[in-house]
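Structure record follows, encoded as structure tokens.
What you see below is based on every heavy atom in this structure, not just the backbone, and it leaves out hydrogens, waters and symmetry mates.
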Amino acid sequence: MRPGPAIAVLSAPMLCAAFVMASAPAPAQSHGGMNEAGIVILERAPVYPNPRSTRPTTILALGAPVAASVKVRGPDLNFFQEKFGRVRVVYFRGDRLHDFGWIEAAALARFYYGACPPVGGPMMMRGVRWEWTDCFKSAHDAKLQELGMLVQPARP
């Protein structure tokens with residue numbers, strides 16, 4: 001059976017949407033194949049459980065590192081997903097736990113880092129603890145210097 005006109009009308013918008021999505025570069029690819037991350041540039045930056053929440057789950061301090069939490073398939077890079085002026089991040093709570101949340105995009109100075117073997121992302125397990133990768137730490141420290149902040153190691 002041949003599709004009728006109604007099917008052709010319905011499929012045309014889908015094809016246009018697919019073309020736009022396929023032709024638009026992934027955000028991480030627009031930064032030379034680098035992962036995105038950020039440093040908190042406010043004294044106190046609230047982190048929210050979702051992009052519309054008004055109740056923060058935690059507060060990050062000036063200089064705290066965060067990493068983008070959305071992976072791009074293919075190059076396997078991390079980039080910031082932005083909604084309602086906030087970006088989705090992964091961060092550390094204390095020395096052992098990391099968590100996900102949403103932070104105001106304006107509260108961050110962004111920086112970029114390369115994939116660090118054996119993992120491509122910002123964190124890796126060392127023993128029983130999660131840590132920032134060495135590539136992430138180096139890029140974080142360089143951004144702190146660029147901003148004129150005292151260099152504090154990205155912990156843990």
Side-chain angles (χ1 to χ4, degrees), residues 17-156:
F19 175 75
V20 169
M21 287 173 36
S23 63
Q29 292 172 333
S30 64
H31 301 292
M34 302 288 277
N35 293 292
E36 285 187 293
I39 294 175
V40 173
I41 55 173
L42 301 176
E43 282 295 320
R44 298 169 44 90
V47 178
Y48 301 93
N50 64 63
R52 290 191 176 197
S53 179
T54 58
R55 302 186 108 185
T57 53
T58 194
I59 305 290
L60 295 179
L62 178 68
V66 298
S69 65
V70 177
K71 283 195 178 292
V72 175
R73 291 289 180 228
D76 203 26
L77 298 172
N78 295 289
F79 69 94
F80 284 121
Q81 175 187 11
E82 190 164 347
K83 286 186 180 178
F84 308 109
R86 294 182 181 163
V87 292
R88 188 166 189 257
V89 298
V90 61
Y91 60 95
F92 277 96
R93 277 188 178 183
D95 287 345
R96 292 184 168 242
L97 300 175
H98 70 280
D99 210 348
F100 295 94
W102 294 82
I103 192 167
E104 299 294 332
L108 298 177
R110 294 183 188 204
F111 67 92
Y112 306 94
Y113 64 98
C116 215
V119 298
M123 298 177 179
M124 64 183 289
M125 285 289 288
R126 290 201 183 160
V128 294
R129 294 179 48 157
W130 282 99
E131 292 185 0
W132 296 116
T133 62
D134 292 337
C135 299
F136 181 95
K137 290 178 192 178
S138 295
H140 171 265
D141 292 349
K143 185 65 174 184
L144 282 175
Q145 286 181 337
E146 178 187 318
L147 295 171
M149 298 174 133
L150 292 176
V151 176
Q152 301 169 3
R155 295 181 196 227

Heavy-atom distance under 4.5 Å between the side chains of I59 and P46, does that happen here? yes

Distance (rounded to the nearest 0.5 Å) between W132 CH2 and R126 CZ: 13.0 Å

Taken in chain and number order and not counting sequence neighbours, the residues that satisfy salt bridge (Lys or Arg N to Asp or Glu O under 4.0 Å) with R55 are none

Quick one: CZ on R88 to CG on N50, what's the gap to the nearest 0.5 Å? 11.0 Å

Main-chain N/O of R110 paired to K143 side chain as donor or acceptor, under 3.5 Å: yes

Contact check, side chains of Y91 and I103, non-hydrogen atoms, under 4.5 Å: no

Heavy-atom count around R52 CZ within 6.0 Å, excluding the residue itself: above 12? no

Smallest separation among heavy atoms of G114 and C135, with atom names: O-CB, 3.6 Å

Could you tell me which non-hydrogen atom of L147 sits nearest to which non-hydrogen atom of A109, and how far apart they are? CD1-CB, 3.7 Å

Atom pair OG1 (T58) and CZ (R44), whose distance is rounded to the nearest 0.5 Å: 9.5 Å

Test item: E131 and F136 side chains (from C-beta on) under 4.5 Å apart, heavy atoms: no

Which word best sums up how the rings of F111 and Y113 line up, parallel for under 30°, tilted for 30 to 60°, or perpendicular for over 60°? tilted

Would you say the side chain of L108 lies within less than 4.5 Å of the side chain of V40, judging by non-hydrogen atoms? yes

Contact summary for G101 and V47, nearest pair of heavy atoms: CA-CG1, 3.7 Å

Looking at every non-hydrogen atom in both residues, tell me the closest pair between V90 and P122 and how far apart they are. CG1-CG, 4.4 Å

Of the non-hydrogen atoms in P65 and H140, which two are nearest, and what is the gap between them? CB-CD2, 3.4 Å

Compare all side-chain heavy atoms of R86 with those of Y48 and state whether any distance is below 4.5 angstrom. yes

